[in-house]
Colleague: 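Handing you a structure now.
As the structure is a prediction and not an experimental result, all values here were calculated from the model. Both counts, for ligands and for their atoms, begin at 1 and track the order of listing.
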Amino acid sequence: MTMVTAATQPLRPEFVPASFKSELKPIWCKGCGNYAVLTPIHKALAEVGVPPHEVAVISGIGCSSRIPGYCATYGFNSIHGRALPIATGVKLAKPHMTVIAAGGDGDGLSIGGGHFPHAGRRNVDITYIMMDNEIYGLTKGQASPSTPVGDLTKTTPYGSMDRPLDAASLALAYNVSFVARCFVGEGAHLVQTITEAIRHPGFAFVHILSPCPTFRGVDEFKEIRQHIEFLPDDYKTDERNAAFTAASRTDGKISLGVFFREERATLVENADILSEKAKAKGKNTIQEIFSQFMP
Ligand SMILES: Cc1ncc(C[n+]2csc(CCOP(=O)(O)OP(=O)(O)O)c2C)c(N)n1
C-alpha cells in the first residue's frame with residue numbers, strides 16, 4: 001500500500017491534467033519529442049495539485065519554448081536564452097507561485113548558458129525543463145552545443161567538430177540541488193520525475209532527451225532508445241561525484257533517473273534573511289523594492 005503523506009498528497013485534488021491544458025493546438029512537427037513533454041507537465045502539475053493561476057511557465061525562444069502557450073497557466077514565451085533570469089524574477093516577486101522554466105538546448109546552453117550556473121548556485125526554487133534535441137530546431141537545423149561530434153547539420157556540412165555539452169553533468173557542476181535525466185519515450189518516468197522536480201524545494205533541473213525527427217532524422221528516437229538505461233534501484237542520490245559518473249558514462253549508455261538531490265536554503269529563503277538584515281538597518285526589504293514597480 002502506498003503511504004499518502006503531506007509531501008505526496010495533491011494540495012488540491014480537484015485539478016486534473018486538462019486543467020493545465022490551454023486551447024492552443026501545438027504546431028510542432030509530426031513526431032516531435034516535445035509533444036511527449038507537454039502532457040507530462042500537465043499531469044505533474046495536476047499530481048502536485050497547485051491551482052493553474054498559481055503556476056507560471058517561462059521560456060526563451062525556440063520550438064520547445066512554445067510550451068507556455070500550451071499551458072493554461074501564467075506564462076511568458078520571452079527572449080532567446082533568458083528563461084532563467086525571468087523565471088528567477090517571477091519567483092522573487094511572487095514566492096508563493098510554482099515557477100517552471102522551459103526551453104531547448106540552444107536556449108539554455110548557448111545564448112542562455114551564462115544564466116544556468118547562477119540559477120544553480122542561487123538555488124532558485126524553480127523547475128527547469130530542458131528539451132534537448134541536439135539541434136536548433138526553430139531556425140531550421142543549425143548545430144547546437146549538444147550536437148554530437150561528426151554530425152551533419154546546416155552549419156556543419158562536413159560534420160560537427162566540437163565536443164557536445166552534457167546538460168545534466170553541467171547542472172551537477174553548477175551546484176544544482178536536483179538533477180535528473182528523462183527520455184520522451186518513457187512517459188510514466190517523465191511524469192514522476194517532473195512531479196518530484198516541482199516538489200523539490202530548490203532549483204530542479206530535468207534534462208529531457210527529446211528527438212527532432214525533422215532535423216536529426218526519424219531514427220533518432222530508436223537510436224536513443226537503444227542506449228538508455230535506468231539508474232539501478234540501489235542508486236544513492238546524495239553523492240555529487242557518483243552522480244557525475246552516472247550522468248557522463250563512457251560505455252555508450254545513457255543513464256536516466258534522478259542523479260542527485262540535496263536540500264539547502266533557497267534564493268527566496270536567503271533573500272528573506274537579507275531583507276530582515278536590511279529592515280534592521282532601516283532599509284527597504286526586497287518585497288518593498290518590488291512593490292515600487294507593481295501596483
Ligand atoms: C538574440 C537572438 N539570437 C538568435 C535568435 C534566433 N534563434 C531563435 S530560436 C534559436 C535556437 C533554437 O534552438 P533551441 O533553443 O535548441 O530550441 P528548439 O527550437 O530546438 O526547440 C535561435 C538561434 C533569436 N531569436 N534571438
Side-chain angles (χ1 to χ4, degrees), residues 22 24-41 57-71 75-89 100-120 126-149 151-157 160 162-171 174 181-185 190 194 205-221 223-224 254:
S22 81
L24 273 186
K25 199 172 164 319
I27 55 163
W28 291 314
C29 302
K30 188 166 170 265
C32 173
N34 298 339
Y35 285 103
V37 178
L38 181 62
T39 308
I41 290 177
V57 183
I58 314 292
S59 68
I61 296 291
C63 300
S64 46
S65 286
R66 297 183 65 85
I67 218 150
Y70 307 138
C71 296
F76 190 9
N77 182 181
S78 72
I79 312 164
H80 195 28
R82 309 298 173 221
L84 287 176
I86 293 169
T88 301
I100 296 177
D105 41 289
D107 199 77
L109 299 177
S110 284
I111 190 167
H115 296 298
F116 196 5
H118 302 292
I126 63 176
T127 299
Y128 180 30
I129 294 174
M130 182 181 287
M131 287 153 269
D132 186 352
N133 56 9
E134 304 177 334
I135 199 94
Y136 290 177
L138 188 73
T139 45
K140 303 204 179 300
Q142 299 82 6
S144 89
S146 57
T147 301
V149 171
D151 282 17
L152 306 182
T153 73
K154 293 258 172 75
T155 45
T156 59
S160 180
D162 305 325
R163 279 204 170 194
L165 295 177
D166 171 45
S169 304
L170 284 176
Y174 295 159
R181 191 187 287 128
C182 297
F183 170 51
V184 292
L190 256 175
I194 297 173
F205 177 61
V206 187
H207 180 209
I208 304 178
L209 310 177
S210 178
C212 168
T214 305
F215 297 111
R216 297 280 302 144
V218 287
D219 293 334
E220 185 77 357
F221 186 95
E223 177 72 18
I224 297 175
I254 308 169

Colleague: Suppose we screen for side-chain hydrogen bond (donor to acceptor under 3.5 Å, both in side chains). Which residues come up paired with Asp132, at least two apart in sequence or across chains?
Modeller: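 By the side-chain hydrogen bond (donor to acceptor under 3.5 Å, both in side chains) rule, Asp132 matches Ser146, His207.
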Colleague: So how far is it from Ile194 CD1 to Ile129 CD1, rounded to the nearest 0.5 Å?
Modeller: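 Rounded to the nearest 0.5 Å, the CD1-CD1 separation comes out at 4.0 Å.
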Colleague: Sequence neighbours excluded, which residues qualify as side-chain hydrogen bond (donor to acceptor under 3.5 Å, both in side chains) partners of Asn133?
Modeller: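 Listed in chain order: nothing, the list is empty.
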Colleague: Please tabulate protein-ligand N/O pairs under 3.5 Å for ligand 1, atom names and distances to 0.1 Å.
Modeller:
| from | atom 1 | to | atom 2 | distance (Å) |
| --- | --- | --- | --- | --- |
| ligand 1 | 15 (O) | Gly106 | N | 3.4 |
| ligand 1 | 15 (O) | Asp107 | N | 2.7 |
| ligand 1 | 16 (O) | Asp105 | N | 3.4 |
| ligand 1 | 16 (O) | Gly106 | N | 2.8 |
| ligand 1 | 16 (O) | Ile135 | O | 3.3 |
| ligand 1 | 19 (O) | Cys63 | N | 2.7 |
| ligand 1 | 19 (O) | Gly137 | N | 3.4 |
| ligand 1 | 19 (O) | Leu138 | N | 2.9 |
| ligand 1 | 20 (O) | Asn133 | OD1 | 3.4 |
| ligand 1 | 20 (O) | Asn133 | ND2 | 2.9 |
| ligand 1 | 20 (O) | Ile135 | O | 3.1 |
| ligand 1 | 20 (O) | Gly137 | N | 2.8 |
| ligand 1 | 21 (O) | Cys63 | N | 3.4 |
| ligand 1 | 21 (O) | Ser64 | N | 2.9 |
| ligand 1 | 21 (O) | Ser64 | OG | 2.7 |

Colleague: Who pairs with Thr156 by side-chain hydrogen bond (donor to acceptor under 3.5 Å, both in side chains), at least two apart in sequence or on another chain?
Modeller: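 Only Thr153 meet the side-chain hydrogen bond (donor to acceptor under 3.5 Å, both in side chains) criterion with Thr156.
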Colleague: Angle between ring planes, Tyr136 versus His80, binned at 30° and 60°: parallel, tilted or perpendicular?
Modeller: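 Perpendicular.
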Colleague: Would you say the ring centers of Phe205 and Tyr174 fall short of 6.0 Å from each other?
Modeller: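 No, they do not, as the ring centres are separated by 6.0 Å or more.
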